[in-house]
Amino acid sequence: MMDFKVYSPLKLENCVNTLIQLFHNILQNPEKQQYRKVKANNVPFKRDILDSTKQSEELLLAAGWHTQVKEMEKHWIFDAPKDSTTWQYLQFAHQQLQSAQSLTQQKAARHRKELEAQKTGPKKERELLLKQIEADKASRKDKFRPIVSGLHTLNSASPSKSGEAGQSSV
């Protein structure tokens, strides 16, 4: 299930966190039936667990869950008593997921940073190029300022064109 080359680290992180919460709710509240049954088409359950990896269903089955159709809907159910071997499977799966949680969080954090770098990389590159263009403009302005001021001086020293049309001033 933890194949980071095949599955997105973000999806794996969501899957592990959701499974831990699901198992934790049963282990902490064994008498509450609401934690022992989940509709298979429940959006967070489907998105974060069933659709995230191919092995997530296998993990649920190994942890003692099974599917059952009730009222024309598929449900995932954990109905093992607290003192059963199946209960111990659930506890073991919960422990293993908790052990894997820090690794998935590290990989997901690294993946988020990489995604952010991909988004901000072009933006930073563009900002750098704009700064270089502005610096180049300022540099050219400084280089050509003496020439431009010299042209202005020549233009102001040359005779007016209105009174001396046709005469050259050489």
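Computed from heavy atoms alone, side chains included, the values below leave out hydrogens, waters and symmetry copies. Note that this is a predicted model, so its numbers are computed, not measured.
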Decide yes or no on side-chain contact (heavy atoms from CB on, under 4.5 Å) for Lys107 and Leu12, but give the supporting numbers first. CA-CA 9 Å; Lys107 295 278 188 177; Leu12 287 175; over 6 Å; no
Partners passing side-chain hydrogen bond (donor to acceptor under 3.5 Å, both in side chains) against His66 (at least two apart in sequence or in another chain):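 side-chain hydrogen bond (donor to acceptor under 3.5 Å, both in side chains) list for His66, sorted by chain: Asp79.
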Is it the case that the side chains of Gln21 and Asn17 hold a donor-acceptor pair, with the cut-off being a distance below 3.5 Å and no angle test?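 Not at all, the side chains of Asn17 and Gln21 share no donor-acceptor pair under 3.5 Å.
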Closest approach of [X] to [Y] (non-hydrogen atoms, all atoms of both residues):
X: Trp87; Y: Pro81; result: CB-O, 3.4 Å
X: Ala93; Y: Ala63; result: CB-CB, 3.8 Å
X: Trp76; Y: Ala40; result: CD1-CB, 4.0 Å

Taking it one step at a time, do Gln98 and Ile20 satisfy side-chain contact (heavy atoms from CB on, under 4.5 Å)? CA-CA 7 Å; Gln98 286 178 319; Ile20 287 173; 4.2 Å; yes
Check against side-chain contact (heavy atoms from CB on, under 4.5 Å), Thr53 and Leu59: CA-CA 10 Å; Thr53 70; Leu59 178 64; over 6 Å; no
From Val38, Ile49, Thr67, residue fulfilling side chain to side chain contact (heavy atoms under 4.5 Å, CB included) relative to Leu60: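 Among the candidates, only Ile49 passes.
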Does the side chain of Trp65 come within less than 4.5 Å of Ile26's, by heavy atoms?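 Ile26 vs Trp65: side chains touch.
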Within the distance-only criterion (no hydrogens, no angle test), does the side chain of Arg36 pair as donor or acceptor with the backbone N or O of Pro30 below 3.5 angstrom?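 Yes; at least one donor-acceptor contact below 3.5 Å.
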Does OH in Tyr35 sit with more than 12 non-hydrogen atoms of other residues, nucleotides or ligands closer than 6.0 Å?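 Yes, OH of Tyr35 has more than 12 neighbouring heavy atoms, counting only those of other groups under 6.0 Å.
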